[in-house]
Amino acid sequence: MFGQIDGTGFDVLDPRFESCFVGHARVERLWTGGSWLEGPAWFAAGRYLVFSDIPNNRMMRYDDTSGHTSVFRSPSNNSNGNTVDNQGRLITCEHLTRRVTRTDFDGRITVLADRIAGKRLNSPNDVTVKSDGTIWFTDPSYGILHDYEGDYGEAEIGGCHVYRHDPATGTTDQVTSDFVKPNGLAFSPDETLLYIADTGATHLPGGPRHIRKLTVSNEGRLSDLGVFAECTAGLFDGFGVDRKGRIWTSAGDGVHAYDPDGTLIGKIHIPEGVSNVTFGGEKLNRLFITASTSLYAVYLTANGSRPG
């Protein structure tokens, strides 16, 4: 079909998916040349996207006004996940330095979290911000297992957990204790639910390859509601949530779309393994997709629940 990239397209698995995309919409490849792209974050004020190229130790910037992609930061401390806080500042997970940072408007970098109970974090991976300003991030050990995405190092905290950082108090608290490799995470539109991917199958035979659903109290405590979805192709990694509560998640064969009831309703096929997604564009109706070596995008009828 004219204008369509080989290996891309929509796969309708449930009638509910048909209303999620425009019939003539096509997946676009916006840039290629990375080694393992991750962490897309949309900056609405400047109409640009920041994303990580982890092994190449750099962050890239896609300018939506010109279609040009350039280096945003190099070196980047093998940055992985990125997001935007409620003031529009960049929040970044860094593998090499084993920390979560904030880039202020004047370019200064502030360390938000690098230790828990005096011990170094493993390698913060993905991050999201709640409307109350708290910053939630996952901390698997991928960045210290070898030198490809960081520096080989020893784990000091004895596990892989999810943390909640409160910028108002400067405190960082552990909020989970039973994940193998917590990875992507995102809140439901009303923030009563937190979804967390567990990619433990990468290093544990028969380990988890699913997304779990947890309730969130006003005080930030979590209660587990069990597995929301099992990955049917590869592993889930990063994902986003639209305004109707649907989950748009990375997978081995593209992007999988889940209804809030847990039904896999459709797929967006991508000819590379997908690592993460985020909603962007002027109306948050453009899904940006980071894959192994390339950045893709597609317009949807769905809108992201929050920018970044």
Side-chain angles (χ1 to χ4, degrees), residues 4-23 25-27 38 40 126 128 138 179-202 204 206-215 224-280 284-292 296-306:
Q4 182 164 321
I5 300 169
D6 287 345
T8 67
F10 296 92
D11 189 0
V12 178
L13 303 177
D14 184 286
R16 288 172 286 186
F17 191 56
E18 293 178 346
S19 64
C20 293
F21 59 93
V22 181
R26 298 289 179 263
V27 174
E38 251 285 10
D126 204 357
T128 190
T138 58
F179 281 76
V180 181
K181 300 285 185 190
N183 206 313
L185 77 171
F187 287 100
S188 62
D190 64 3
E191 298 184 335
T192 61
L193 300 172
L194 178 64
Y195 298 93
I196 306 172
D198 194 336
T199 51
T202 56
L204 178 66
R209 52 178 72 242
H210 55 228
I211 293 173
R212 283 164 58 181
K213 181 169 67 173
L214 305 96
T215 60
D224 194 4
L225 296 177
V227 173
F228 170 74
E230 291 279 357
C231 192
T232 59
L235 296 167
F236 296 133
D237 196 334
F239 53 91
V241 180
D242 69 22
R243 292 176 189 170
K244 294 186 177 180
R246 290 172 296 221
I247 307 294
W248 299 78
T249 179
S250 60
D253 58 353
V255 179
H256 291 190
Y258 284 86
D259 189 79
D261 68 7
T263 302
L264 176 60
I265 59 174
K267 299 181 180 182
I268 305 172
H269 288 290
I270 302 294
E272 305 181 60
V274 172
S275 62
N276 212 332
V277 306
T278 197
F279 284 92
L284 295 186
N285 65 336
R286 194 180 192 193
L287 190 69
F288 289 95
I289 303 163
T290 51
S292 301
Y296 297 86
V298 62
Y299 282 100
L300 303 172
T301 60
N303 305 82
S305 61
R306 69 177 306 275

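Nothing fancy with the numbering, it's 1 onward along the sequence.
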Any chance you could lay out the side-chain contact (heavy atoms from CB on, under 4.5 Å) test for L225 and T215, step after step, and finish with the verdict?
-> CA-CA 7 Å; L225 296 177; T215 60; 3.5 Å; yes
Could you walk me through whether K244 and N303 pass side-chain contact (heavy atoms from CB on, under 4.5 Å), step by step?
-> CA-CA 8 Å; K244 294 186 177 180; N303 305 82; over 6 Å; no
Take D253 and I270 through the side-chain contact (heavy atoms from CB on, under 4.5 Å) test and state the conclusion after the steps.
-> CA-CA 6 Å; D253 58 353; I270 302 294; over 6 Å; no
Rounded to the nearest 0.5 angstrom, the CG-SG distance for D242 and C20 is 7.0 Å
Please determine if K181 and D198 form a salt bridge, counting it only when a charged side-chain N lies under 4.0 Å from a carboxylate O.
-> no
For F239, what residues pass the ring pair (Phe, Tyr, Trp, His ring centres under 6.0 Å) criterion, not counting sequence neighbours?
-> none
Electrostatic pair D14-R16, nearest N-O below 4.0 angstrom | yes
Does D259 pair with R246 as a salt bridge, N-O distance under 4.0 Å?
-> no
For the residue pair F288 and F279, establish whether any side-chain heavy-atom pair is separated by less than 4.5 Å.
-> no
Main-chain N/O of S19 paired to T301 side chain as donor or acceptor, under 3.5 Å | yes
Would you check if D11 and I268 make a side-chain contact, meaning some heavy-atom pair closer than 4.5 Å?
-> no
To the nearest 0.5 angstrom, please state how far the CD atom of E230 sits from the CG atom of L264.
-> 12.5 Å
Is there a donor-acceptor pair closer than 3.5 Å between any side-chain N or O of T128 and the backbone N or O of A186?
-> no
Tell me, do T249 and V277 make a side-chain contact under 4.5 Å, heavy atoms counted?
-> no
With no hydrogens and no angle check, is any side-chain donor or acceptor of S305 less than 3.5 Å from a backbone partner on P189?
-> no
Residues forming a ring pair (Phe, Tyr, Trp, His ring centres under 6.0 Å) with F21, sequence neighbours excluded | F10, F17
Should V298 and R286 count as side-chain neighbours, where that means a heavy-atom distance under 4.5 Å?
-> no
Over all heavy atoms of both residues, which pair between D126 and G238 is shortest? Give the atoms and the distance, please.
-> OD2-CA, 4.1 Å
Please answer whether the main-chain N or O of G234 pairs with a side-chain N or O of R209 as donor and acceptor at a distance below 3.5 Å.
-> yes
Flag side-chain contact, heavy atom, 4.5 Å: L287 against V255 | yes
Flag side-chain contact, heavy atom, 4.5 Å: I196 against F179 = yes
Taken to the nearest 0.5 Å, the spacing of I211 CD1 from L235 CG works out to 11.0 Å
Got N276 and S250 here, is their nearest side-chain heavy-atom distance under 4.5 Å?
-> no
OG of S188 to CG of L214: how many Å apart, nearest 0.5 Å?
-> 11.0 Å
Would you say the side chain of F236 lies within less than 4.5 Å of the side chain of Y258, judging by non-hydrogen atoms?
-> yes
Heavy-atom pair with the smallest gap, counting every atom of C231 and A251 | SG-CB, 4.2 Å
Closest approach of D224 to R212 (non-hydrogen atoms, all atoms of both residues) = OD2-NH2, 2.8 Å
Output the distance between atom CG (L13) and atom NE2 (H256), rounded to the nearest 0.5 Å.
-> 8.5 Å
Working to the nearest 0.5 Å, report the span between CD of E191 and CZ of R306.
-> 8.0 Å
Taking atom types as modelled and ignoring hydrogens, do the side chains of N183 and T199 form a donor-acceptor contact shorter than 3.5 angstrom?
-> yes
Given Y299 and R26, is the side-chain contact (heavy atoms from CB on, under 4.5 Å) satisfied, shown in steps?
-> CA-CA 8 Å; Y299 282 100; R26 298 289 179 263; over 6 Å; no
